[in-house]
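Below is one structure, written out as structure tokens, with a few remarks after it.
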Amino acid sequence: MALQLGDEAPDFTAQTTQGEIHFHDWLGGSWAVLFSHPKDFTPVCTTELGYTAKLKDKFADRGVKVIGLSVDAVGDHEKWSDDIEATQGTRPDFPVIADDNRKVADLYGMIHPNASDTLTVRSVFIIDPAKKIRTTITYPASTGRNFDEILRVIDSLQLTDKHKVATPVNWQQGDDVIIVPALSNEEAAKLFPDGWDEQRPYLRVVKQP
Ligand code: BEZ
């Protein structure tokens, strides 16, 4: 069965552009984004990895480690990084898993045989400090992902964990948020002493903490 939200991120050992990693050790107690791209030396992937490298400080600000994956060897990842640097202006400085035996791709269900027998789809797993999968996203090979959206989801998850608020449609940093339904009014009053805008008993809007 496909990995689901709340499942523990499966552990593995793999070769990467930064040496062998044991995934759970590498995660430590950090948030992480594990993402697959279909193939080295392909155009959309080139733009994605260059842009992700540009977001280094934004991931670090949020305490998030990033790791990529494709079914290519370390040597290819390294040669391709030269191209990424030359064309996108940034070199991936996060590890990229060399999954040429598809071990990790199979473990995480990143190969969708009806799309391609051999290449991974564009999978994203956001993993929390307890090693639980908190978000899965799947895009087709022909559509580059929006990595700003991945940051936005991380911001939302971290707000929920810290402040017991959820984020409404199209929420962006600084917009109003919603008190999670699981919190009673009595509990909410302790966390939000300035009160909230109760548009419905289930729709309690507050300033972003
Ligand atoms: C790309 O990265 O451009 C790509 C990779 C595999 C299939 C289609 C596009």
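First listed ligand is number 1; within each ligand, the first listed atom is number 1.
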Salt bridge or not between E187 and K164? Use side-chain N to carboxylate O under 4.0 Å.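 The answer is no: the pair does not qualify as a salt bridge.
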Is D176 paired with K207 through a side-chain N to carboxylate O contact shorter than 4.0 Å?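 A salt bridge is present here (some side-chain N lies under 4.0 Å from a carboxylate O).
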Sub-4.0 Å atoms of ligand 1 with respect to non-hydrogen atoms of [X]:
| X | value |
| --- | --- |
| T42 | 1 (C), 2 (O), 3 (O), 4 (C), 5 (C) |
| V44 | 1 (C), 2 (O), 3 (O) |
| P43 | 1 (C), 2 (O), 3 (O) |
| C45 | 1 (C), 2 (O) |
| A141 | 4 (C), 6 (C), 7 (C), 8 (C), 9 (C) |

Do you reckon V177 sits in the same ILVMFWY cluster as L183, going by side-chain contacts under 4.5 Å, direct or chained?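 Yes, one cluster joins them.
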pair K54-F147: side-chain heavy atoms closer than 4.5 Å: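 Of all side-chain heavy-atom pairs linking F147 with K54, none is under 4.5 Å.
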Indicate yes or no: at least one non-hydrogen side-chain atom of I97 is less than 4.5 angstrom from one of F12.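 A side-chain contact exists here, since the closest heavy-atom pair is under 4.5 Å.
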Give a yes or no answer on whether the side chain of T160 reaches the backbone of V165 with a donor-acceptor pair at less than 3.5 Å. yes
Tell me, which protein residue and heavy-atom name are nearest atom 4 (C) of ligand 1, and how many Å apart are they? R122 NH2, 3.7 Å
Just let me know how P38 lines up against ligand 1, side chain, backbone, both or neither, with a heavy-atom cut-off below 4.0 Å. side chain
